J.: 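This is the structure I have questions about; it appears just below.
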Amino acid sequence: FLFAEILPHNWTFGHVYGEEEANRMEEERKKVDDNEDKEKAKSDEEKKKEREEEEEVKRKKEEEEKKRKKEEDRNKKEEERKKKEEEKEKERKKKTSDAAAGSSESESESSEEEDEDEEKTNRERDLFIAQLYKYHEERNTPINKAPCWGGMDLDLHRFYRLVVRYGGFKKVCDSNRWKRILSKLGLDASGVQPINLKKAYSRYLEDFHSTYVQLGWSLDLLSTKLVSGGRSAKKVIDYGY
């Protein structure tokens with residue numbers, strides 16, 4: 001109460017301790033405040049650093065976890081891919097094996113069919129040649145020897161078939177297909193000319209074909225018999241007269 005009575009209303013430490021002491025005390029107070037601020041800033045900095053370190057550790061753990069999961073997913077996908085490839089390879093091998101087996105069977109069947117076709121063609125050729133020779137013998141125009149050009153015999157059966165396939169003698173003449181038939185017979189390198197084929201057909205097959213058409217012969221329905229004589233026995237048609 002005494003101080004309150006004797007000190008002015010707006011008093012300071014200078015009024016009590018003197019101006020110099022008051023300044024010193026103020027400086028000390030500021031130093032204390034500064035130290036407290038520094039300590040607080042240091043503490044805040046350390047706490048911030050700790051939080052950052054914790055966050056860094058957490059981030060690294062999360063990244064490692066992501067990498068681990070990613071690696072697991074990659075390994076899983078790789079295993080699935082390998083498994084699919086193995087299944088595909090097994091399927092491919094199975095198909096290859098089945099195809100090989102099927103091909104072998106197909107080749108075997110095809111070979112058998114080719115043998116049967118060749119046997120049938122040879123049989124038809126024998127029947128055709130036999131009836132052709134008999135036809136000319138009975139008309140006193142025997143075929144002593146089939147045409148031979150450049151060392152290659154003319155296959156009269158195949159020759160006849162090709163002319164029929166291209167529409168017959170008249171149509172082949174009109175469309176001038178003798179050169180193509182020559183090539184089909186494999187005689188284009190023999191030196192023979194298309195006109196020679198035309199003459200050969202006229203000589204050996206034209207009249208024969210006319211009779212063939214008139215009688216309605218079919219190589220698949222020929223009745224056969226053996227022909228005796230100087231020639232070797234052949235299967236021939238029964239002309240019906």
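Residue numbers start at 1 and run along the sequence shown. Everything numeric in this text was worked out from a predicted model, so none of it was measured.
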J.: Give, for atom NZ of K58 and atom CD of E62, the distance between the pair rounded to the nearest 0.5 Å.
T.: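 Answer rounded to 0.5 Å: 5.5 Å.
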
J.: Once you round to the nearest 0.5 Å, how far does NZ of K82 lie from NZ of K77?
T.: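 So the gap between those two atoms works out to 15.5 Å.
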
J.: Assess whether side-chain contact (heavy atoms from CB on, under 4.5 Å) is satisfied between E78 and R81, documenting all intermediate values.
T.: CA-CA 5 Å; E78 182 67 17; R81 185 187 65 80; 2.4 Å; yes

J.: When rounded to the nearest 0.5 angstrom, what is the spacing between CZ in R74 and CD in E79?
T.: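 Result: 10.5 Å between the selected atoms.
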
J.: Nearest 0.5 Å, what's the CG-CG distance between L197 and L182?
T.: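 With rounding to 0.5 Å, CG (L197) is 5.0 Å from CG (L182).
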
J.: Can you tell whether the side chains of E50 and K47 come within less than 4.0 Å, N to carboxylate O?
T.: no

J.: I'd like to know if E138 and K134 make a salt bridge, using a cut-off of under 4.0 Å between side-chain N and carboxylate O.
T.: yes

J.: Answer yes when R59 and E63 have at least one side-chain N-carboxylate O distance shorter than 4.0 Å, and no when they do not.
T.: yes

J.: So that I can tick it off, tell me whether E80 and K83 are bridged by a salt bridge, with the cut-off set at under 4.0 angstrom between side-chain N and carboxylate O.
T.: no

J.: Please name the pair of heavy atoms, one in D155 and one in L185, separated by the smallest distance, quoted to 0.1 Å.
T.: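 Heavy atoms of D155 and L185 come nearest at O-CD2, 4.5 Å.
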
J.: Flag the pair K184 / R158 as yes when at least one side-chain heavy-atom distance between them is below 4.5 Å, and no otherwise.
T.: yes

J.: I'd like to know if E65 and R68 make a salt bridge, using a cut-off of under 4.0 Å between side-chain N and carboxylate O.
T.: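 Salt bridge flag = yes for R68 with E65.
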
J.: When the ring centroid of W178 is compared with that of F169, is the distance short of 6.0 Å?
T.: yes

J.: Assert yes or no for the condition that the ring centre distance of Y135 to F128 is strictly below 6.0 Å.
T.: no

J.: Which atom names give the shortest non-hydrogen contact between M152 and G186, and what distance separates them?
T.: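 Heavy-atom minimum between the residues: CE-O, 3.3 Å.
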
J.: Look at atom CZ of R203 and say whether more than 12 heavy atoms of other residues, nucleotides or ligands are closer to it than 6.0 Å.
T.: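 Buried by this count: over 12 neighbours within 6.0 Å.
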
J.: How many angstroms lie between atom NZ of K49 and atom CD of E52, to the nearest 0.5 angstrom?
T.: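 Here the interatomic distance stands at 9.0 Å.
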
J.: Are any of the side-chain heavy atoms of N75 and E71 separated by less than 4.5 Å?
T.: yes

J.: A side-chain contact here means heavy atoms from C-beta on lying under 4.5 Å apart; do L205 and L132 qualify?
T.: yes

J.: Would you call D34 and K30 a salt bridge, using N to O less than 4.0 angstrom?
T.: no

J.: For the backbone of Y204 and the side chain of H136, can you confirm whether one donor and one acceptor N or O come within less than 3.5 Å of each other?
T.: yes

J.: Would you check if Y201 and Y160 make a side-chain contact, meaning some heavy-atom pair closer than 4.5 Å?
T.: yes

J.: Inspect the contact between K69 and D73 and indicate whether a charged nitrogen and a carboxylate oxygen are less than 4.0 angstrom apart.
T.: no

J.: Indicate the atoms forming the closest heavy-atom contact of R177 with Y166, along with that distance.
T.: NH1-CD2, 2.8 Å

